[in-house]
Student: 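Just dropping this structure here.
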There are 2 protein chains.
Amino acid sequence: MALADAILACLTEHPMTGYELAKTFESSIGFFWKTDHQQIYRELSRLRDRGHIQGREVVQSGKPNKLVYTLTAEGRAAFRHWAARPSTPPSIKDDLLVRLYALDSVDIAPLRADLMARLEHHRDRYERFERILKKRFPQGTASPADMGKLLSLRLGLRHERMVTEWCEEAITALSDLTSAAAATSRSADQRERRGSGD
Amino acid sequence: MALADAILACLTEHPMTGYELAKTFESSIGFFWKTDHQQIYRELSRLRDRGHIQGREVVQSGKPNKLVYTLTAEGRAAFRHWAARPSTPPSIKDDLLVRLYALDSVDIAPLRADLMARLEHHRDRYERFERILKKRFPQGTASPADMGKLLSLRLGLRHERMVTEWCEEAITALSDLTSAAAATSRSADQRERRGSGD
DNA sequence: AGACTTTTTCCGGTTACGGTAAAGAACGGG
DNA sequence: CCCGTTCTTTACCGTAACCGGAAAAAGTCT
């Protein structure tokens with residue numbers, strides 16, 4: 001139900017085509033909401049059927065014609081209405097946590113590799129967000145119209161930093177665990193060597 | 001595809017019935033993975049069909065009989081195999097961010113109320129996690145078997161603290177915004193009063 | 001008797017996720 | 001001129017997830 005509203009949210013800015021929306025969902029709003037163009041187009045037809053948006057064909061030369069979608073009054077009202085409802089806090093739902101939950105039934109080598117890849121991923125995103133922040137909000141402040149985007153960006157930054165730190169913690173914890181295991185197996189070896197009297 | 005693996009992860013601990021699993025998904029693993037009992041039972045039959053788990057009926061007196069599910073060797077291997085694949089970083093996908101993204105097309109009063117509810121929600125969860133941490137890991141350390149659960153908990157803690165801080169930031173930003181708007185409308189009033197020469 | 005817990009199951013609808021594919025036009029480079 | 005890429009929309013498919021409602025059948029507690 002929320003994808004439709006995410007699209008409406010995009011269209012409150014200015015009318016857009018499905019293609020542009022797909023681009024938007026790859027960058028700005030897509031930082032916290034992933035979809036592909038197929039889902040967008042499907043959702044757009046549904047929204048049009050509901051009368052929340054209106055398509056207007058724009059003839060182009062040099063490019064295929066495009067369908068620019070505009071919010072209707074109903075669509076605007078529907079979005080406003082949706083936005084006035086309390087949000088439901090999302091759950092984290094990260095595969096990694098499932099792996100960790102059953103850590104002793106899992107191979108640690110690929111898990112550590114995964115954690116390191118994730119560390120890099122979140123670090124990259126953090127830096128990317130920082131660059132965007134510096135570029136779009138050099139003063140660290142925003143006009144009322146852009147305040148919400150600043151706040152979203154700030155959550156993104158906080159989130160990526162938080163996960164990055166956690167990844168580092170997890171990686172060292174995992175290393176400690178394996179080195180401890182190696183130490184015990186070494187001492188077990190010694191015991192065994194002594195015991196067998198080699 | 002991941003719900004099945006989350007269930008397998010639970011069953012690596014010890015055999016369980018669907019009912020127990022549903023309980024587990026309301027507490028420990030459910031802190032970062034939400035489902036209801038219907039989905040669990042459906043997934044359980046699928047897993048049984050695949051041969052990943054095995055059901056054994058236990059006759060009870062005083063209660064309906066129950067079906068205890070145990071991991072099979074194939075199930076264990078399948079989970080191990082799944083866990084060795086790289087995880088996909090989840091997206092945040094929070095309704096609140098969509099609302100903020102289109103802040104100027106939204107009523108701020110319910111949005112602020114929502115933010116305050118969320119603040120309380122995340123604060124509660126933070127405290128809850130802290131209590132669990134103190135209870136289950138009083139030393140802040142864990143045995144190798146429980147290390148993964150400690151790490152998951154730590155992520156949960158970090159996450160809730162991070163969102164809590166962000167909520168506070170967002171609420172003050174929203175307040176600043178409305179008070180600024182009130183100030184400009186006040187001065188506009190004054191200008192108008194002067195202009196109309198009341 | 002009524003309410004609640006335990007335990008499993010079925011149903012149906014909507015949404016999301018993921019991949020595969022086509023189509024037509026024009027622009028760019030080689 | 002062919003080839004690849006960008007632009008733009010649309011279609012289909014299967015599976016997974018989400019949501020909510022419902023009902024069994026047994027027992028316990030009030």
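Letters A, B, ... mirror the listed sequences (proteins, then strands); counts begin at 1.
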Student: Checking contacts here: which listed nucleotide (C:dT7, C:dT15, C:dA16) is nearest the side-chain heavy atoms of B:Lys93?
Tutor: C:dA16
Student: In whole angstrom, what separates A:Leu47's CG from D:dT9's P?
Tutor: 15 Å
Student: Rounding to an integer number of Å, can you tell me how far B:Leu67 CG sits from C:dT9 C1'?
Tutor: 11 Å
Student: If only side-chain N and O atoms of B:Tyr41 are considered, is one of them under 4.0 Å from the OP1 or OP2 phosphate oxygen of C:dT9?
Tutor: no
Student: Rounded to whole Å, please give me the gap between CZ in A:Arg46 and C1' in D:dT10.
Tutor: 14 Å
Student: Under 4.0 Å: is that the gap between some side-chain N or O of A:Gln39 and OP1 or OP2 of C:dC17?
Tutor: yes
Student: Quick one: does B:His37 reach the base of C:dT6 with a side-chain donor-acceptor pair under 3.5 Å?
Tutor: no
Student: How many whole angstroms separate atom CG of B:Asp36 from atom P of C:dT14?
Tutor: 18 Å
Student: Could you tell me the separation between the CD atom of A:Glu43 and the C1' atom of D:dT10, rounded to a whole number of Å?
Tutor: 15 Å
Student: For B:His122, run the side chain to side chain donor-acceptor pair (under 3.5 Å) check against B:His159, B:Glu160, B:Glu127 and tell me which one passes.
Tutor: B:Glu160
Student: Return the value, rounded to whole Å, for the distance between atom OH of A:Tyr69 and atom P of D:dT8.
Tutor: 13 Å
Student: Is any side-chain N or O of A:Lys23 closer than 4.0 Å to OP1 or OP2 of D:dT6?
Tutor: no
Student: OP1 or OP2 of C:dT15 less than 4.0 angstrom from a side-chain nitrogen or oxygen of A:Arg42, does that happen here?
Tutor: no
Student: Is a donor on one side and an acceptor on the other found under 3.5 Å between the side chain of A:Lys149 and the backbone of B:Tyr101?
Tutor: yes
Student: Hey, does the side chain of B:Thr35 come within less than 4.0 Å of D:dC18's phosphate (OP1/OP2), counting only N and O?
Tutor: no
Student: Look at the side chain of B:Gln38 and the base of D:dG21, then say whether one donor and one acceptor between them are separated by less than 3.5 Å.
Tutor: yes
Student: Return the value, rounded to whole Å, for the distance between atom CH2 of A:Trp82 and atom C1' of C:dT15.
Tutor: 15 Å
Student: Could you give the CD1-to-C1' distance, from A:Ile40 to D:dA11, as a whole number of Å?
Tutor: 16 Å
Student: So, applying side-chain contact (heavy atoms from CB on, under 4.5 Å) with B:Trp33, which one of A:Ile92, A:Leu97, A:Asp95 is it?
Tutor: A:Asp95
Student: Between B:Ser45 and C:dT9, is there a side-chain N or O to OP1/OP2 distance below 4.0 Å?
Tutor: no
Student: Is there a donor-acceptor pair closer than 3.5 Å between any side-chain N or O of B:Asp114 and the backbone N or O of A:Pro86?
Tutor: no
Student: Reckon A:Lys66 has a side-chain N or O less than 4.0 Å from the OP1 or OP2 of C:dA25?
Tutor: no
Student: What do you reckon, is CD of A:Glu120 surrounded by more than 12 foreign heavy atoms closer than 6.0 Å?
Tutor: no
Student: Ignoring hydrogens and geometry, is there a side-chain-to-backbone donor-acceptor pair from A:Thr72 to A:His52 under 3.5 Å?
Tutor: yes
Student: Could you please name the option among D:dA17, D:dT9, C:dG19 that lies closest to any side-chain atom of A:Tyr19?
Tutor: D:dT9
Student: Would you mind telling me which residue lines up with the more 5' stretch of DNA chain C, A:Lys34 or B:Val68, judged by nearest nucleotide?
Tutor: B:Val68
Student: With heavy atoms under 4.0 Å as the rule, sort A:Glu20 into base, sugar-phosphate or nothing.
Tutor: nothing
